[in-house]
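Both ligands and their constituent atoms are indexed starting at 1 by order of listing.
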Amino acid sequence: LQSVEKSFGRHKAVNNVNLRICQGEFISLLGPSGCGKTTLLRLIGGFERPDSGHILLDQQRINDWVPQKIPVNTVFQNYALFPHLSVFENLAFGLKAEGVSRAELRRRVLTMLQTVQLENLSDRRPEELSGGQQQRVALARALVKQPKILLLDEPLNALDARLRQQMQRELKQLQRTTGITFIFVTHDQDEALSLSDRVVVMRAGELVQVGSPEEIYARPKNEFVAQFVGAINWIHAKPDVTGSIRVGAFVSKVQKSVTPNCEGKVRIGVRPEHLRINVSKSSEGIDARVLSQQYKGMFIEVLLELCSGDVVCVSRFNDSAGHSMAYSVGAEVKVHWAPGT
Ligand code: ATP
């Protein structure tokens, strides 16, 4: 995508987007509702035309191609299966339209049904299938045509949490075995991080950051990305001349130079899992008071008010079989960040 722009009336839905997607890549478009993810996907699929810029596929400019000519298939949120056709016929439909021979069609449909483990349900109609099975048919129908790119527009939204996790694993597996480029639209950050080779974070029609899941999470480019991808605490601190920052009586070295705001303060973003609580009053750390704690099974989340007035969340891995809820509400404790943070 080279300098791609698309407006609806006065509203710029996609603004100067430049992005190179590699063959065989699993890339996610992540961003809040209305940021232009679907529009970008529709531009790639040929369902919308860009106002300016170039969309190239294998060096060929496809801006003006009709969707049928572009070797790209789409899986939609609502599956859009043909209700009156069986599973087999749903898969066969597109191949028939392409004029694929009967024997070749049968071979390809049966192989694909095996890949998505639906070979025993090939005679059923969509209404006789569960949500997860319908989702698999939609994926298989798109993949059986062997597109160069599969566009997926929030395809797992209609599934409950457990099935969604299972389908995420299957989707990833399917992408590995087929080697087809997947462009996946989601507003679910966990999904984007766990599935993708690269994540594209979008905001108001623009690409804010493009990188591996780890880059996006561990080195967010700005406050928006830090906040949108994962939870983050903001702590107000004062920089001092020695290159340290100070929160109350707690002093810590910082690796980067910091520019204070007009009140002479800086804000530090720290992930909940990088904060530690120490109950010993003589230990190093920011003075804090426990506000509440929540049991989450694998994690304990503790909410604290720091002496700076900031309220922070500390998440602790629950690796003890017994005394997991260790802090009493109102307790005075110290908070510090993990070494290397
Ligand atoms: P969501 O996560 O809610 O699906 P999105 O990031 O996919 O959102 P888009 O559907 O791409 O966002 O929409 C981007 C912007 O363009 C929105 O403000 C939307 O209202 C607008 N828009 C999209 N399609 C049209 C259209 N056909 N006509 C007018 N405005 C449109």
Side-chain angles (χ1 to χ4, degrees), residues 1-21 25-55 57 62-68 70 72-81 131 134-135 138-139 142 149-161 164-165 167-168 171 181-196 198-211 213 216-217 220-231:
L1 302 157
Q2 294 176 346
S3 309
V4 172
E5 305 219 340
K6 176 74 188 172
S7 296
F8 296 107
R10 283 219 206 125
H11 180 76
K12 210 165 234 183
V14 169
N15 191 3
N16 192 24
V17 163
N18 288 285
L19 180 66
R20 181 186 288 270
I21 299 172
E25 194 174 24
F26 195 130
I27 193 160
S28 292
L29 307 179
L30 175 70
S33 183
C35 72
K37 307 180 291 291
T38 300
T39 304
L40 202 53
L41 210 65
R42 288 175 59 78
L43 285 164
I44 298 169
F47 302 108
E48 301 282 357
R49 298 238 162 122
D51 300 330
S52 58
H54 307 286
I55 304 176
L57 179 61
I62 60 165
N63 282 33
D64 307 318
W65 290 17
V66 290
Q68 293 76 4
I70 304 175
V72 161
N73 266 353
T74 310
V75 178
F76 299 98
Q77 211 177 102
N78 60 3
Y79 315 146
L81 297 175
Q134 288 182 29
Q135 175 62 77
L139 278 169
I149 303 173
L150 187 65
L151 306 174
L152 302 117
D153 194 357
E154 309 222 23
L156 309 181
N157 267 18
L159 307 177
D160 67 47
R164 192 169 174 143
Q165 275 183 358
M167 283 308 295
Q168 284 174 2
L171 205 59
T181 309
F182 276 28
I183 308 179
F184 185 83
V185 160
T186 182
H187 60 257
D188 181 329
Q189 35 132 342
D190 289 338
E191 201 159 85
L193 292 183
S194 60
L195 289 175
S196 321
R198 279 192 307 158
V199 177
V200 176
V201 183
M202 291 184 68
R203 182 193 198 183
E206 295 182 1
L207 308 192
V208 188
Q209 189 171 359
V210 182
I216 297 281
Y217 187 77
K221 202 168 162 186
N222 57 24
E223 188 174 333
F224 171 77
V225 178
Q227 212 145 275
F228 192 75
V229 183

Identity and distance of the protein heavy atom lying nearest [atom]:
| atom | value |
| --- | --- |
| atom 9 (P) of ligand 1 | T39 OG1, 3.6 Å |
| atom 2 (O) of ligand 1 | K37 NZ, 2.8 Å |
| atom 21 (C) of ligand 1 | F8 CD1, 3.9 Å |
| atom 14 (C) of ligand 1 | G34 O, 3.4 Å |

(request) Answer yes or no: is there a side-chain heavy-atom contact under 4.5 Å between F228 and V208? (result) no

(message) With heavy-atom distances below 4.5 Å as the criterion, would you say the side chains of L30 and M202 are in contact?
(response) no

(request) Can you sort out which atoms of ligand 1 are near E154, meaning under 4.0 Å from one of its heavy atoms? (result) 2 (O)

(request) Please report the closest heavy-atom contact between I70 and G46, naming both atoms and the distance. (result)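 So the two residues come closest at CD1-CA, 3.6 Å.
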
(request) Please report the closest heavy-atom contact between L139 and M167, naming both atoms and the distance. (result)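 Answer, listing the atom of L139 first, then M167: CD1-CE, 3.9 Å.
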
(request) Mark the output for G31 as yes if a heavy-atom distance to ligand 1 is under 4.0 Å, and as no if none is. (result)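 No heavy atom of G31 comes that close to ligand 1.
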
(message) Looking at ligand 1, would R42 count as a contact under a 4.0 Å heavy-atom criterion?
(response) no

Rounded to the nearest 0.5 Å, what separation is found between the [atom1] atom of [X] and the [atom2] atom of [Y]?
| X | Y | atom1 | atom2 | value |
| --- | --- | --- | --- | --- |
| N63 | H54 | CG | NE2 | 7.0 Å |
| N15 | C35 | CG | SG | 12.5 Å |
| L171 | R164 | CG | CZ | 11.0 Å |
| K12 | T39 | NZ | OG1 | 13.5 Å |

(message) Heavy atom to atom 3 (O) of ligand 1, shortest distance: which of S33, G9, G205 holds it?
(response) S33

(request) May I ask you to identify, for M202, whether its side chain, its backbone, both or neither come under 4.0 Å of ligand 1 on a heavy-atom basis? (result)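 It is neither; nothing of M202 touches ligand 1.
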
N/O of [X] under 3.5 Å from N/O of ligand 1, yes or no?
| X | value |
| --- | --- |
| G36 | yes |
| H187 | no |
| A13 | no |
| T38 | yes |

(request) Kindly state if atom 12 (O) of ligand 1 has a protein heavy atom within a strict 4.0 Å cut-off, that is, under 4.0 Å? (result)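 Protein heavy atoms within 4.0 Å of atom 12 (O) of ligand 1 - there is at least one.
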
(request) Check whether any protein heavy atom sits under 4.0 Å from atom 19 (C) of ligand 1. (result) no

(message) If we ignore hydrogens and angles and just use 3.5 Å, is the side chain of D190 paired with the main-chain N or O of L193 as donor and acceptor?
(response) no

(message) Counting only heavy atoms from other residues, nucleotides and ligands, does the tally under 6.0 Å from CZ of R203 exceed 12?
(response) no

